Undergrad: 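Here's a structure for you.
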There are 4 protein chains.
Amino acid sequence: MKGGTVTVRDTPTGWNSEPAGAEPRGRPRGRPRSEAVEQAILEGVLRLLEGGGTLSSLTVEGIAKAAGVGKATIYRRWPGKEALLLDALATLDNDPLPETGSGSVRDDLVRLIEFVRQRGVSKRESELLRLVTSEVMCHPDLSQQYHDRFIAPRREALRQVLVRGIDSGELRDDIDLELLGDLFAGPMLMRTVLHQWAALPEDLPERIVDAVLDGVRKK
Amino acid sequence: MKGGTVTVRDTPTGWNSEPAGAEPRGRPRGRPRSEAVEQAILEGVLRLLEGGGTLSSLTVEGIAKAAGVGKATIYRRWPGKEALLLDALATLDNDPLPETGSGSVRDDLVRLIEFVRQRGVSKRESELLRLVTSEVMCHPDLSQQYHDRFIAPRREALRQVLVRGIDSGELRDDIDLELLGDLFAGPMLMRTVLHQWAALPEDLPERIVDAVLDGVRKK
Amino acid sequence: MKGGTVTVRDTPTGWNSEPAGAEPRGRPRGRPRSEAVEQAILEGVLRLLEGGGTLSSLTVEGIAKAAGVGKATIYRRWPGKEALLLDALATLDNDPLPETGSGSVRDDLVRLIEFVRQRGVSKRESELLRLVTSEVMCHPDLSQQYHDRFIAPRREALRQVLVRGIDSGELRDDIDLELLGDLFAGPMLMRTVLHQWAALPEDLPERIVDAVLDGVRKK
Amino acid sequence: MKGGTVTVRDTPTGWNSEPAGAEPRGRPRGRPRSEAVEQAILEGVLRLLEGGGTLSSLTVEGIAKAAGVGKATIYRRWPGKEALLLDALATLDNDPLPETGSGSVRDDLVRLIEFVRQRGVSKRESELLRLVTSEVMCHPDLSQQYHDRFIAPRREALRQVLVRGIDSGELRDDIDLELLGDLFAGPMLMRTVLHQWAALPEDLPERIVDAVLDGVRKK
DNA sequence: CGGTAAACGAGACGGTACGTCGTGTCTTGAC
DNA sequence: GTCAAGACACGACGTACCGTCTCGTTTACCG
């Protein structure tokens with residue numbers, strides 16, 4: 001909730017950013033925004049999502065009620081339901097990406113895909129992902145936000161592994177990097193977006209990686 | 001707009017089904033529903049979608065206005081906006097699946113993926129797909145409809161090709177069929193859902209199929 | 001609720017105005033507005049007013065709830081709470097002005113003032129008058145409306161009586177008509193606006209008229 | 001802003017009363033309230049009123065902004081907008097009542113009515129009166145305040161003159177005092193509340209008094 | 001050919017949520 | 001303890017759609 005947030009949120013007075021020393025543009029005046037309120041709102045969103053329901057059944061009014069908060073307090077921080085959803089997603093999805101580069105390229109790939117699989121197994125996260133993803137597909141501007149905050153880091157990690165694999169001669173160098181990434185990530189997305197969330201067995205990452213590495217043609 | 005429709009639409013009086021002769025359950029009385037009105041509504045949906053916009057900016061009231069039609073006329077035919085969207089999608093997506101089974105398994109796979117690629121290059125279809133997909137992810141009941149009408153046929157065609165490949169010894173038989181399908185279809189979905197619609201070059205299907213067939217491991 | 005209303009209300013399609021024959025400017029299309037709903041809203045206003053309360057405690061939302069009506073239905077007919085109050089007042093204040101010109105000028109004056117006194121005695125009307133009057137004093141545009149619909153007719157009736165009195169030699173002709181009217185009407189207003197509504201005994205009109213006629217100077 | 005104020009205001013610490021020496025109940029600690037702030041708030045109210053506008057368009061938030069003052073500073077001094085209005089009215093309406101009892105009863109009456117007329121010709125005061133009056137009519141508790149501070153003194157002065165007139169034999173003694181007062185004050189109220197503020201010519205007080213004294217019946 | 005009945009355009013209807021604004025209280029740091 | 005600033009819970013505002021309903025009109029069929 002550090003970097004990407006500022007472009008979506010209203011970034012009201014920047015009262016909690018400066019590390020030390022003199023504040024450049026004057027310190028924020030008036031009562032500071034309550035951290036607890038922030039948490040309550042995000043927690044309220046997650047609580048409502050657990051009940052399940054449509055995107056349009058997740059109303060701002062309902063969130064305010066669930067969080068014990070005024071509507072204005074929500075609109076003071078987020079321009080709308082969509083941006084709020086992104087931040088709610090961020091509160092769940094803040095585990096660090098797995099370490100890569102230490103072992104074999106294959107193991108790194110498995111680890112990355114396993115990391116994504118975890119998202120879908122958690123009830124909370126999968127519900128949230130379901131809604132966020134559909135919301136995102138409607139709002140092109142949010143799509144950018146979503147991509148920058150959630151997709152891009154994963155893709156970058158994947159890219160680095162793939163580059164290492166090419167450099168070390170483990171991977172073919174005649175396939176463009178973008179497609180290479182899609183080959184590994186696509187099957188997970190397939191289950192995530194269109195299939196049931198249940199169809200994510202533990203050994204799925206391994207099977208995906210091995211199949212993509214070796215090809216499906218009979219030798 | 002034939003088979004699947006009946007489960008979604010109200011199928012009010014069955015006025016356009018029987019050719020002649022005795023109607024079993026009473027012939028429809030009163031003024032028959034106008035075919036032109038039906039077209040106008042669906043066309044109105046597509047016209048509004050071209051303007052682009054959020055899912056919630058596509059209102060039933062707006063559709064009625066755009067089509068020069070009363071709201072009740074829409075509700076008489078579809079139970080809601082979602083089902084209407086599915087039918088609108090069907091008016092575009094009614095090309096027959098490509099023939100398969102005549103040539104090599106590889107060519108069949110390329111043809112199938114190329115068929116999907118076509119969906120994404122048309123402005124109208126890609127916009128519609130964007131909204132329908134996000135709508136579908138929220139409504140579990142629609143999800144079933146969408147799957148049965150649009151996903152299942154494609155998956156089935158794909159499955160048949162893959163089975164043929166396994167039987168003929170061209171494809172490995174130690175990968176379960178479901179994953180096999182995802183390997184080919186996943187990369188396309190990746191571009192469709194998360195990437196830009198533009199990134200769908202003509203030779204993409206070939207490159208996907210060859211990469212998946214041969215694997216990405218350096219020989 | 002005939003003439004004056006049209007300038008305040010939205011006068012949507014004029015569906016209830018034409019006496020007979022062909023409608024000049026096209027008959028209203030769509031479902032006609034319900035007379036019953038209209039009554040329910042006005043009745044709701046009066047019911048809430050009986051409970052007593054501030055002007056700002058009489059909310060549009062409350063009126064809608066009390067009348068079992070959607071807010072939009074109110075806004076469809078009246079531009080705001082103020083105009084609605086005027087019409088609510090009109091539903092109470094629709095007794096015909098008393099007949100004048102038949103007997104003595106003094107009796108006519110007493111009758112007119114007695115007519116005004118009746119307004120203040122009724123709980124409903126006095127509450128309503130209290131709010132309407134204060135509302136009216138804030139909104140200059142409503143002030144005009146209020147004057148035209150409620151004040152002007154009374155003043156005109158009073159003026160006619162006074163003119164008759166001057167012509168017949170019963171009243172002095174060296175006092176301008178406006179002031180003459182204020183002399184008779186002022187004392188009633190005094191009790192109405194500033195005093196308690198209770199202080200309106202039955203013989204008040206007679207005493208006012210006689211005092212104004214004869215003067216208060218000791219002979 | 002002397003006597004009546006204390007019942008309405010919070011009378012916080014009494015910081016401006018003691019001349020010197022020992023404070024009986026502990027001297028006020030902390031920063032004393034700024035006199036300038038008080039003035040700024042009242043002046044802000046008057047400035048906003050000159051712009052004209054509805055009662056509800058005169059918001060506490062707007063007053064604070066206009067006075068360059070925090071909202072809490074206003075609420076620390078007055079319990080609400082209404083009481084503040086009364087005090088704002090008092091800053092304008094602080095001329096001493098005219099002397100009476102020195103000359104003829106008629107001249108005293110003219111003087112008193114002329115005094116009231118002055119209120120109406122000042123733009124500031126008439127605007128303020130307009131709002132205060134309407135506010136007052138809604139809040140029964142304020143009505144009492146308003147009556148005690150502004151109406152009662154005038155009525156009392158009027159009453160004294162009338163009593164003197166009766167005692168001296170100049171006025172009839174068969175009309176109750178309350179009605180007698182209304183006869184003189186009513187016409188002014190008429191113009192003030194319902195008519196235009198403009199209709200207050202200089203000789204109006206004289207004409208009212210003479211007409212009421214002598215009666216309007218032709219001799 | 002005239003009657004019956006449903007479809008049609010229009011738009012009113014009871015609701016629900018929207019995003020904004022004002023209220024009166026509170027919480028900061030500065031004075 | 002006051003002050004300016006502004007966050008806070010609350011609740012009304014006026015608007016926009018929802019899905020249903022009631023109008024008068026139109027358009028088929030059926031007797």
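Basis for what follows: all heavy atoms, side chains included, without hydrogens, waters or symmetry-related copies. Throughout, protein chains are lettered first and strands after them, A, B, ... in sequence-line order, and every chain is numbered starting at 1. These figures come from a predicted structure and were not determined experimentally.
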Undergrad: Determine, for nucleotides 12-19 of chain F in 5'-to-3' order, which nucleotides have protein heavy atoms under 4.0 Å from the base (write B), from only the sugar-phosphate (write S), or from neither (write -).
TA: BBBB-BBB

Undergrad: Could you please name the option among F/dA28, F/dC23, F/dA9 that lies closest to any side-chain atom of C/Pro32?
TA: F/dC23

Undergrad: Return the angle between end axes of the helix from E/dC1-F/dG31 to E/dC31-F/dG1, with five pairs used per end and rounding to 10°.
TA: 20°

Undergrad: Checking A/Lys81 now: which residues fulfil salt bridge (Lys or Arg N to Asp or Glu O under 4.0 Å) with it, not counting sequence neighbours?
TA: none

Undergrad: Taking atom P of E/dA17 as reference, at what distance in whole Å does atom CG of A/Leu55 sit?
TA: 14 Å

Undergrad: Please report the shortest heavy-atom distance between C/Ala83 and C/Pro79, naming the atom on each side.
TA: CB-CD, 3.8 Å

Undergrad: Give a yes/no answer on whether the side chain of B/Arg33 brings an N or O atom under 4.0 Å of OP1 or OP2 in E/dA7.
TA: yes

Undergrad: With heavy-atom distances below 4.5 Å as the criterion, would you say the side chains of A/Arg77 and A/Arg33 are in contact?
TA: yes

Undergrad: Quick one: list whatever passes side chain to side chain contact (heavy atoms under 4.5 Å, CB included) with A/Leu48, sequence neighbours left out.
TA: A/Leu58, A/Ile63, A/Ala66

Undergrad: Pairs in or reaching into residues 40-53 of chain C: which pass side-chain hydrogen bond (donor to acceptor under 3.5 Å, both in side chains), with residues at least two apart or in two chains?
TA: C/Glu43-C/Arg124, C/Glu50-C/Arg124

Undergrad: Tell me, please, which residues at least two apart from B/Ala67 pass side chain to side chain contact (heavy atoms under 4.5 Å, CB included).
TA: B/Ala40, B/Ile41, B/Val69

Undergrad: With DNA chain E as reference, determine whether B/Ala64 or A/Ser57 sits nearer its 5' end, using the nearest nucleotide of each.
TA: B/Ala64

Undergrad: Are any of B/Arg77's side-chain N or O atoms less than 4.0 Å away from OP1 or OP2 of E/dC8?
TA: yes

Undergrad: Mind jotting down which residue pairs meet the side-chain hydrogen bond (donor to acceptor under 3.5 Å, both in side chains) criterion with at least one end in residues 53-62 of chain C? Sequence neighbours excluded, please.
TA: C/Glu61-C/Lys71

Undergrad: Return the value, rounded to whole Å, for the distance between atom CD1 of D/Ile74 and atom P of F/dA4.
TA: 9 Å

Undergrad: Between N or O atoms, less than 3.5 Å apart, protein on one side and nucleotides 29-31 of chain E on the other: list the pairs.
TA:
none

Undergrad: If you assign D/Ala67 and A/Gly70 each to the DNA chain F nucleotide with the nearest heavy atom, which residue ends up on the more 5' nucleotide?
TA: D/Ala67

Undergrad: Within this structure, what is the CD-to-C1' distance between A/Glu35 and E/dT28, rounded to whole angstrom?
TA: 16 Å

Undergrad: Can you tell me how far CG of B/Leu131 sits from CG of B/Leu55, rounded to the nearest 0.5 angstrom?
TA: 5.0 Å

Undergrad: Can you name the nearest heavy-atom pair linking A/Ala64 to A/Gly70, along with the distance?
TA: CB-C, 4.2 Å

Undergrad: Should D/Thr73 be listed as having a side-chain N or O under 4.0 Å from OP1 or OP2 of F/dA4?
TA: yes

Undergrad: To the closest 0.5 Å, what do you measure between CD (A/Glu38) and OG1 (A/Thr91)?
TA: 11.0 Å

Undergrad: In whole angstrom, give the distance that lies between atom CD1 of A/Ile63 and atom C1' of E/dT16.
TA: 15 Å

Undergrad: In this structure, how many angstroms lie between the P atom of E/dA12 and the CH2 atom of C/Trp78, rounded?
TA: 14 Å

Undergrad: Under 4.0 Å from OP1 or OP2 of F/dC3: is there any side-chain N or O of D/Arg76 that close?
TA: yes

Undergrad: What is the separation between atom CD on A/Glu38 and atom P on F/dA9, rounded to the nearest whole Å?
TA: 12 Å

Undergrad: Answer yes or no: is there a side-chain heavy-atom contact under 4.5 Å between C/Leu42 and C/Leu84?
TA: yes

Undergrad: Would you kindly give the CG-to-P distance between A/Leu84 and E/dG19, to the nearest whole Å?
TA: 11 Å

Undergrad: Can you tell me how far apart CH2 (B/Trp78) and CG (B/Leu85) are? Round to the nearest 0.5 Å.
TA: 10.5 Å

